[in-house]
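Within every chain, numbering begins at 1; the chains are lettered A, B, ... in the order of the sequence lines, protein sequences first and strands thereafter.
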Amino acid sequence: MMNFFARGIRYIVRKPTKSLLLAITFFLIGNLVILGMGISQASDNAKTLTRKKMRAVVSYEVDYNSFWNYLDNIEDSDEYEEAVRQFPSIDRETAVRLSEDERVIAFNYMQTNIAYTTLDHVPLGNESEDRGYGSYIDENGEEHEYIEPNLMIYANFYPDMIELEEGTYTIVDGRWYSQNDIDTAAKVVCITQEFAEVNALSVGDTITISNNSPSEFEMDRSTYEAAGVTEDDFNLELEVIGIYSTPEDVDPSSENFRWMSPYESPKNRIQMPMSTQVEFNLQMVEIMSKAHPDWYEGADMDEIRESSYTPSKVIYLLDDPLNVDEFVADHTKELGEYLKLNANNDTFRKMARPLDTMSFFANIVVWIVVINAIVIISLVTALTLKTREYEIGVLLSIGVSKLKVIAQLFVELIIVAFIGFAGACLSGSLIAGKVGETVLEFQTASDAQYETEDNNYYVWSDSTDYFTTVTQEDLLSEYHVAVSPLLIGEIFLLGTGVVLIAIVIPSVMIMRLNPKQILLEQN
Amino acid sequence: MGTILKLEDICYGYTDGNYKREILKHLSYEFEEGTFYTILGPSGSGKTTLLSIMAGLDKQESGSLYFQGENLNDIGLNRYRRNKIGVVFQSYNLISYLTGLENILTAMTETDNPLPSNRKELAYALLNMVGIADTKADRMVTHLSGGEQQRIAIARAIAGNVDLIFADEPTGNLDTDTEKEIIRLFQMLSEQYGKTIIAVTHSNEVSRFSDHRILLRNGVLNDL
């Protein structure tokens with residue numbers, strides 16, 4: 001068989017100079033395309049891989065920055081006071097509606113609070129562990145130290161916590177609190193294994209916590225006694241129903257370790273139904289309204305009870321870290337003013353800026369190269385065609401269709417292009433890797449040089465606990481330019497596209513050829 | 001013997017400025033099967049134009065051509081060139097980057113006519129028949145002499161198992177001895193294989209050995 005394919009191959013082999021020059025052109029084009037696409041793909045991969053390493057969590061929270069900015073712009077004092085009264089808070093209905101999104105696999109709707117206990121806490125081993133908050137001198141002239149809280153209450157409104165879903169918490173004895181416990185505000189608690197061991201506690205035992213410091217009671221003892229309030233009224237007795245283990249712990253190498261209080265240790269965390277925590281708070285309100293009735297004059301207790309259920313944090317765990325941005329985009333409009341879904345994206349975007357900039361320019365390079373490649377190959381093919389008119393005339397004279405002539409031309413170009421691109425794949429990864437790293441280093445250095453501090457207000461929130469901390473080094477360590485099979489496939493596909501477009505003009509020229517004219521001119 | 005090609009009222013001309021020059025004027029003729037024709041005529045009489053029209057390389061202004069009774073318009077010029085005829089040119093017109101054998105195989109691949117499955121052997125046999133040995137058949141055509149290239153061109157013309165061969169000044173570039181060999185080849189194809197040969201030529205030698213000599217003059221064909 002001597003069809004257009006066989007003839008095309010023979011032309012390439014037997015006209016090696018022309019084929020070689022064309023292959024070198026494709027090789028150079030291929031290197032530039034690999035450079036651009038490789039850098040772009042490596043940037044995307046680094047971002048995706050880093051994203052995948054990050055926990056798929058989104059926090060529904062008050063956007064303090066925008067609210068403070070809003071307040072700063074209010075000049076009228078009455079208006080300012082009214083605005084402060086309308087302080088934004090998380091909407092419970094919205095929080096629950098968002099949890100019904102199919103991408104959400106678990107969510108925490110919870111309050112956290114500090115508490116006091118006379119039990120031993122799990123020791124931190126830092127220098128300020130036993131420090132007091134200060135001291136005061138009572139009416140008898142005796143000096144007393146403030147006692148600092150040593151427990152942190154985690155109270156969730158639903159039993160299926162993110163930590164249980166993810167396996168961060170493992171029940172080692174007993175059980176987790178149930179929906180029934182939440183509905184009935186059962187006085188139950190789950191404690192860490194370490195806290196249980198320190199205090200020789202087991203399931204079925206009871207612990208007593210207080211939401212008031214004993215030293216504070218001492219300070220105001222006469223007022224409380226006059227109102228018939230005893231120190232025990234501040235206490236809550238809870239039955240230990242579960243003991244769990246958690247790998248979470250304080251980091252002794254962290255900067256703030258030496259100043260940490262015991263309640264900041266995850267080992268000193270106690271878990272209870274949110275309804276129990278709310279009742280515990282209301283118990284405090286009731287005591288205070290007895291001791292200081294003027295503080296609560298005209299207060300609506302039902303309103304207080306209702307507002308007590310406002311969570312301090314709402315966290316959603318999604319099925320895939322790559323769904324986080326989409327989830328935020330889908331639901332942001334449903335939120336009220338000065339509320340936001342925080343996916344820790346600002347930090348990530350800032351870190352990824354050098355990669356984004358590089359990727360942007362790399363894509364521009366690819367497009368410029370592709371357009372130039374089409375023009376160059378079109379011109380080369382059209383010029384070559386002039387020298388091959390005679391051959392085309394011969395083929396047409398023996399009945400070869402013009403489409404087959406074009407097909408032969410395509411075969412010749414595509415084979416040469418593939419040879420050039422194959423060479424480019426070998427050299428391109430080295431070039432792209434080196435160039436990419438150099439540009440990235442330069443870009444990272446430039447970004448750091450021109451970095452400006454954002455005008456952010458500092459608001460204490462422990463919701464960041466849920467976000468995975470990644471650094472720019474983590475992100476950049478994932479940046480590897482490699483010629484993957486996918487990239488090779490894309491380059492060859494692009495090459496085929498370039499050849500297909502580049503052959504359009506020569507094809508039009510062929511379709512206009514008249515075999516008689518060509519052959520008569522030759523004769 | 002039947003008619004293989006019939007020309008009916010063929011007209012062809014071209015415009016040179018305001019002047020319209022008519023090359024072929026209501027030309028009609030019938031070519032018989034298995035006959036070796038030569039068309040003679042002075043330079044500029046339109047011999048090559050006529051051959052181009054008959055070979056389906058160009059289209060007449062008016063009139064019709066019939067191959068074995070079928071109108072060329074119905075056959076389609078490309079299909080006609082591929083399956084019905086072969087053309088031999090003065091400058092051989094072989095594909096330069098192919099061997100002699102590959103030039104023959106190209107014609108064999110393109111035709112829709114039934115051919116034996118052992119095409120390569122058939123191609124060698126055809127080349128042997130026109131006097132090209134196997135060793136030369138495998139050489140690049142650019143490495144062969146003019147006579148050898150013209151023999152290969154003749155072999156290619158008949159490779160598609162066609163009955164009608166056109167030749168445009170087939171010996172124009174050849175020496176006298178080679179010219180005689182090419183003439184003998186045409187005679188053999190006509191006499192032994194029943195092929196119809198229509199050759200346009202200036203050569204008296206070629207026309208002397210043909211079965212039928214026709215003169216193209218003033219746009220019409222006349223038997224000599």
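- Stacking of B/K6 on the aromatic ring of B/Y66 is recorded, both the 6.0 Å distance cut-off and the 45° axial limit being met.
- When heavy atoms are compared at a cutoff of 4.5 Å, B/T111 does not approach chain A at all.
- Between the side chains of B/T176 and B/E179, no donor-acceptor pair of N or O atoms lies under 3.5 Å.
- Contact detail for B/A133 and B/N128: the closest heavy-atom pair is CA-OD1, 3.9 Å.
- In the model, A/S359 has no side-chain atom that pairs as donor or acceptor with a side-chain atom of A/S43 under 3.5 Å.
- Looking at B/R79, neither its backbone nor its side chain comes within 4.5 Å of chain A, counting heavy atoms on both sides.
- Proximity to chain A is limited to the side chain of B/M140, based on heavy atoms less than 4.5 angstrom apart.
- Cation-pi check for A/R388 over A/Y11 is met; the charged atom lies under 6.0 angstrom from the ring centroid and within 45 degrees of its normal.
- Listed options B/I85, B/N83, B/L98, B/V87 were ranked by heavy-atom pairs under 4.5 angstrom with chain A; first place goes to B/L98.
- Proximity to chain A (any heavy atom under 4.5 Å) is restricted, for B/L94, to the backbone atoms N, CA, C and O.
- Within the 4.5 angstrom heavy-atom criterion, atoms from both the backbone and the side chain of B/T99 approach chain A.
- Between the side chain of B/S207 and the backbone N or O of B/N204, at least one donor-acceptor pair lies under 3.5 Å.
- Heavy atoms of B/E102 lying under 4.5 Å from chain A belong to its backbone as well as its side chain.
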